[in-house]
Amino acid sequence: MTTDISELTSPQVSLVASYRALGGVSGWDECLAPDGNLRAPWRSFFDHVGQLSVPDLIARDTKLDARVVELGLAHDIFSDPNDDEPGWDVNLIPLIFGADEWVGLSAAIEQRLRLADALVADLYGPKVSLRQRHLPADIVLSDPNFLRACEGIQPPSGHVHFLAADIARRADGSWALIDTHTETLAGLGYALANRLVYTHAAEDAFSATPAVRLAPFFRDMAASFAVAGEQGDTPRVALLTPGPTHADYFSHAYIARYLNVLLVEGGDMRTVSDRLYLKTLEGLKPIDLLIRCVEGLKSDAMELDPGGFDGPVGLVQACRKQPDLVRNSLGSAVVQNRAIGAYLPEVCRTLLGEELLMSDTPRRWLGGTDPVAALQGVGPGAVIRRVQDGTGRPGENEPGVHFDELDAAQQQDLIAQWRFNGASYVAEAPIQLSHAPTFVAGHMTSEPIVVRLFAAMTETGPKVMPGGLAITVGKENQVGQDAVRGRTRDVWVLGDNQNPLAHQSLWRTTTEKARVQRSQRSLQSRVADDLFWLGRYAERADWTMRVLRSSLSRELGDDGQLRTDGEAQATLEPARRAMTLLLSKPVAPSQPVVFDADRDSLRRLADILIHDRRGLHALASTLDLVVRSSELTRDRLSLEAWHVLASLRANKPWRRMLDTASPAVLVDLLEDGLAIIGSFNGLMHENMTRNHGWTFLAMGRRLERAYNLSDIMLALFKEPESIELDRSSMVFLLEVADSYITYRSRYRLDPLFPFVLDLLLLDESNPRSLVFQLDRIGSHLETLPLAQMATGRTEEQRLVLDATTRLQLVDAVDIASGGTRDAFRALLEAQLEFIPEVSSGIARRYFSLLEEKPHRVFTRRFAGL
Amino acid sequence: MRYQVVHDTIYDYSTPVVQSRHVIRKSPRDLPHQAIETHSLTITPRPTIIDRHTDPFGNAIAFAEIDTEHRKLVVSAKSRIETRPSLNIDLDKSYAWDGLRKAMGTAKTCEIDVVQYAVASRHTPLTNDVMAYAAPSFPVGRPVLQAAWDLTSRIYHDFKFDPTATDVSTPVHDVLQHRRGVCQDFSHVALACLRMMRVPARYVSGYLLTHPPPGQPRLQGADASHAWISVWAPETGWVEFDPTNNQIPGEEHIAIAYGRDFDDINPISGILLGGNEHTVSVAVDVMPLV
């Protein structure tokens with residue numbers, strides 16, 4: 001049951017009262033005591049929000065949703081583009097912990113961090129816990145995440161530097177730990193982003209509740225990365241992510257940016273002589289510390305999973321030489337194994353000499369000789385779960401199987417399978433989860449939650465982040481964070497009120513530590529490559545839309561009347577040629593479809609060009625490529641720029657309208673599309689630092705524009721045509737090349753071929769002219785690191801210089817006059833050859849460090865007899 | 001007996017290899033029944049870096065990184081080895097296989113070096129068909145070594161040696177289905193069956209002395225590397241069985257390395273940049289010294 005708060009007159013009473021009116025929830029209520037009064041930690045929060053009017057509350061809630069979308073939190077590169085349901089939701093009502101309770105919780109999680117570290121050190125070292133039978137050896141030995149190759153690697157700074165723990169509150173108010181994450185940062189970026197989203201949307205509520213800020217925790221974490229760089233250099237710290245296709249990429253990119261470390265993928269690195277390097281535009285640069293957000297098993301194809309290229313080949317051997325290189329250490333996932341939980345009290349006593357402060361929910365391993373007895377040991381309601389799963393993305397655990405809900409035959413099947421795969425499963429006692437108040441669409445409701453807390457090893461010992469991520473769990477009696485659609489809430493910890501903390505944020509680096517640095521950070525070759533193609537695709541989409549717009553608007557004359565047949569033919573022919581040209585790439589179809597230059601044919605051509613995905617210039621696929629490249633380079637683009645391009649996504653209104661648009665509105669939609677690309681270009685021009693990344697983006701755009709311009713000019717003016725057609729082609733070209741107004745203001749004449757050629761080929765002040773593109777490409781090439789290191793000009797520089805010079809020597813009047821167009825044709829054909837050469841020259845020089853993927857060789861044991 | 005063993009692996013690449021790194025396990029182990037008198041490992045082209053250490057299973061590993069461009073790689077291991085005959089073991093006097101687990105579980109300390117070989121590995125998954133094949137060799141109460149002997153002998157009779165039937169990654173499931181393969185496949189089948197019964201058993205890579213047909217001279221390089229298994233019993237420790245030849249290995253088997261399966265002790269694995277297609281040839285020469 002829910003209560004509509006807008007029906008109630010006094011909002012202050014109503015929020016709490018409507019929650020109370022829901023009636024008692026099963027299990028513990030986070031917010032209300034059994035007597036129906038607010039629990040102490042929640043009072044300030046409700047005192048404040050209670051003063052807000054209902055529209056105010058809804059406004060804040062709407063703002064929260066909007067910020068989630070703006071930040072890209074909800075965004076998933078692989079999500080179904082037609083699925084509009086938000087993938088992430090931050091509730092207006094946080095989960096609030098009082099200072100007293102937090103002391104106990106944080107002590108328990110700190111202890112877990114120390115325990116995980118000690119256990120990993122033991123398992124990859126002396127194995128006392130196994131040898132003395134504190135922990136059944138089979139659990140560890142049968143876990144593929146126990147990486148034998150990493151035995152003996154003992155980092156002096158410790159194995160486990162960060163840990164996340166999923167905890168749930170039982171009906172009696174005590175906490176149980178249901179999952180430990182020691183492999184990756186496990187969604188730390190989401191917790192941080194949630195806090196930022198919340199304080200943007202409802203700063204007043206946060207400030208009114210004296211909750212502790214997160215920045216000091218992250219500052220301590222960042223300080224712990226300050227390892228010594230080679231020869232006193234600034235240490236190069238990188239966060240290793242599986243890449244933009246991974247569900248957790250947002251979190252990785254976000255936290256890397258916040259902590260000011262590089263974001264790298266396996267292919268960005270290479271080991272040479274047992275040392276780890278980053279491939280950059282300037283060559284190989286040593287990496288001093290790698291924050292690992294990829295699975296250990298997939299971190300080194302050489303010695304671990306042969307198919308795992310999430311890390312650089314040779315990483316294990318590099319760690320043997322430099323044990324502190326990777327955090328958490330390779331193989332740390334083994335202590336996530338759920339079957340270990342039952343043995344932790346004893347392991348804790350042995351390794352730490354302490355009593356375990358928070359135990360795991362009761363659980364038994366099914367890999368022993370008698371799995372049925374293990375199952376019965378857990379009691380009724382047991383849930384069967386894998387010993388290891390999930391990526392650490394909050395809410396993304398595989399749901400367990402409720403054994404009691406299976407029929408007898410299914411139960412027998414499952415039991416029979418345990419004989420073979422029992423080592424991969426545990427039976428777990430479910431917890432009746434606690435409930436927390438939730439604000440949904442103007443209503444109060446109550447949802448069962450699980451809380452993820454984060455801890456990190458700092459220079460002053462283990463610290464727990466004073467906050468966290470609470471997730472609404474799908475089914476009331478479910479275990480683990482197998483949540484539906486990321487319904488989350490921020491976690492607030494109340495300060496002790498004595499010494500309110502000053503506002504701190506890492507976004508503004510404190511000046512006492514940082515020196516002013518203008519030199520650019522090294523740019524990964526991969527990122528340069530992706531930005532280059534983003535530039536090309538964005539320009540390609542722009543060009544195709546220009547051609548479409550000009551073609552479709554030709555249907556009608558200036559007076560809105562249909563033209564006479566002869567006129568119409570000359571008017572429509574350039575459009576036919578331009579669209580046919582775009583459709584013919586990369587190669588003309590084997591059975592060329594010949595279109596007439598009439599209105600229906602033009603519409604059909606436009607239709608194919610927009611919707612058919614075949615061909616290099618097909619609009620739908622080009623737009624998808626723009627979006628895709630922007631995903632790949634997301635951590636290099638400003639939020640605004642990324643946002644602008646996101647509106648080109650297939651599931652966004654503009655694309656949907658484009659899909660179904662009638663010819664009447666198509667021109668308007670194309671205008672809108674051009675405005676989107678235009679504002680992206682503007683943002684890049686105004687807001688992006690002129691670093692190497694920008695250079696590659698700009699070069700991509702210039703090369704694409706130079707090619708398209710040369711291509712269309714050749715197609716339209718290959719041979720002299722009738723005066724009407726030539727004139728019409730020139731108008732069309734000037735429109736497409738966005739130079740019509742310039743032309744008219746300059747000449748106040750109908751287009752004349754020599755003047756048009758001058759403006760579009762040779763005019764160095766026209767940003768749409770060919771010579772302008774070449775000139776800019778030339779200056780961009782000069783700024784690149786390898787060009788600066790080279791003694792003479794590089795191959796690409798020579799090519800560009802040659803092409804530019806040839807163009808500059810041309811006399812427009814000469815080339816335009818005479819009966820044939822031979823000189824003109826030769827000039828543009830040379831351009832069309834040279835542009836791809838420059839493009840591949842750049843690729844060879846700057847992206848070649850992205851060499852083919854390494855592959856494995858084997859020998860086989862053959863013989864016998 | 002004393003031997004000189006030469007083991008050459010030669011890779012020919014269709015395009016130049018720019019950088020390569022290799023893990024090499026071609027150094028025979030020093031064991032109670034096997035003494036290594038001399039051993040050398042030669043790699044051409046000369047590696048930029050070579051590094052040696054011992055893996056968690058006690059085998060010697062060499063890491064080599066080659067940064068010079070090359071189209072051919074030669075890894076040559078040369079050893080002088082003395083082997084002793086295996087002790088006479090009474091297979092019938094070992095612990096019952098079905099009591100083994102309990103005996104191991106109640107010992108005061110857990111012997112990792114033994115129990116690590118009792119759990120499934122990548123190449124020895126536990127499945128229904130493994131269970132079905134293993135069952136006849138494991139009646140209640142049978143001594144574990146006798147069961148192992150029965151199992152390996154059944155494999156010898158049931159499976160046909162056929163180098164064309166399988167490759168380096170053929171799963172045990174397929175081998176069981178087609179009943180064909182090479183020593184590596186037979187060893188994996190035997191190991192999966194033993195581990196299905198939770199008996200510790202390990203994979204052995206090594207060499208086997210081959211005998212030329214009567215009246216013909218020994219051909220150099222005609223020998224081959226070989227694989228067999230080793231099974232643990234409390235009374236005897238590790239005892240070896242050769243399912244490919246239906247033998248208990250003795251003086252004519254020379255062990256290089258022990259592991260859970262082939263993956264752990266692949267003699268050479270490598271990661272290359274460049275190289276494209278490659279052909280590999282292996283020449284093994286086991287020469288008895290008198």
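Note on naming: letters A, B, ... go to the chains in the order of the sequence lines (proteins, then strands), and numbering restarts at 1 for each one.
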Go through it in stages, so that I can follow the logic: the residues are B:Ile61 and A:Glu303, the test is side-chain contact (heavy atoms from CB on, under 4.5 Å), and I'd like the CA-CA distance, side-chain angles, deciding distance and then a yes or no. CA-CA 12 Å; B:Ile61 299 192; A:Glu303 293 194 62; 5.6 Å; no
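- Across all non-hydrogen atoms, the minimal contact from A:Thr369 to B:Arg101 is CG2-CG, 4.0 Å.
- Taking 4.5 Å as the heavy-atom cut-off, the residues of residues 142-153 of chain A that approach chain B are A:Ser142, A:Arg148, A:Glu151, ordered by number.
- The nearest pair of heavy atoms linking B:Arg21 to A:Thr271 is NH2-OG1, 2.8 Å.
- Contact annotation for A:Arg320: only side-chain heavy atoms (C-beta onward) come within less than 4.5 Å of a heavy atom of chain B.
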Evaluate the criterion side-chain contact (heavy atoms from CB on, under 4.5 Å) for residue pair A:Gln317 and B:Glu65; output intermediate values, then yes/no. CA-CA 11 Å; A:Gln317 178 67 2; B:Glu65 179 180 318; over 6 Å; no
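- At a 4.5 Å heavy-atom cutoff, the contact between B:Asn128 and chain A is made by backbone and side-chain atoms alike.
- Taking all atoms of both residues into account, the shortest heavy-atom contact from A:Gly367 to B:Arg198 is O-NH2, 3.1 Å.
- Contacts between B:His211 and chain A at a heavy-atom distance below 4.5 Å are absent for every atom of the residue.
- Residue pairs meeting the salt bridge (Lys or Arg N to Asp or Glu O under 4.0 Å) criterion with at least one partner in residues 9-18 of chain B, sequence neighbours excluded, are B:Asp12-B:Lys72.
- If you measure heavy-atom distances from B:Lys102 to chain A, you find no contacts under 4.5 Å at all.
- Using a 4.5 Å cut-off between heavy atoms, B:Gln19 contacts chain A through its side chain alone, with no backbone atom that close.
- B:Thr106 approaches A:Arg133 most closely through the heavy-atom pair N-NH2, 4.5 Å.
- Separation of atoms CD (B:Gln116) and CG (A:Leu130) is listed at 10.5 Å; rounding is to 0.5 Å.
- In this structure, CG on A:Leu135 lies 9.5 Å from SG on B:Cys110, to the nearest 0.5 angstrom.
- With chain B as the partner, the residue from A:Arg419, A:Gln132, A:Gln417, A:Lys127 showing the most heavy-atom pairs under 4.5 Å is A:Arg419.
- Looking at every heavy atom in both residues, A:Phe420 comes nearest to B:Thr127 through CE2-O, 3.2 Å.
- For chain A, no part of B:Ala118 is nearby; none of its heavy atoms comes within less than 4.5 Å.
- Residue A:Val272 touches chain B through both its backbone and its side chain, counting heavy-atom pairs closer than 4.5 Å.
- Looking at B:Ile49, the atoms closer than 4.5 Å to chain A (heavy atoms on both sides) all sit in the side chain, from C-beta outward.
- The minimum heavy-atom distance linking A:Met302 with B:Ile271 is given by the pair SD-CG1, 3.4 Å.
- The salt bridge (Lys or Arg N to Asp or Glu O under 4.0 Å) search around A:Asp274 returns none, not counting sequence neighbours.
- The salt bridge (Lys or Arg N to Asp or Glu O under 4.0 Å) check on B:Arg180 picks up B:Asp162, with sequence neighbours excluded.
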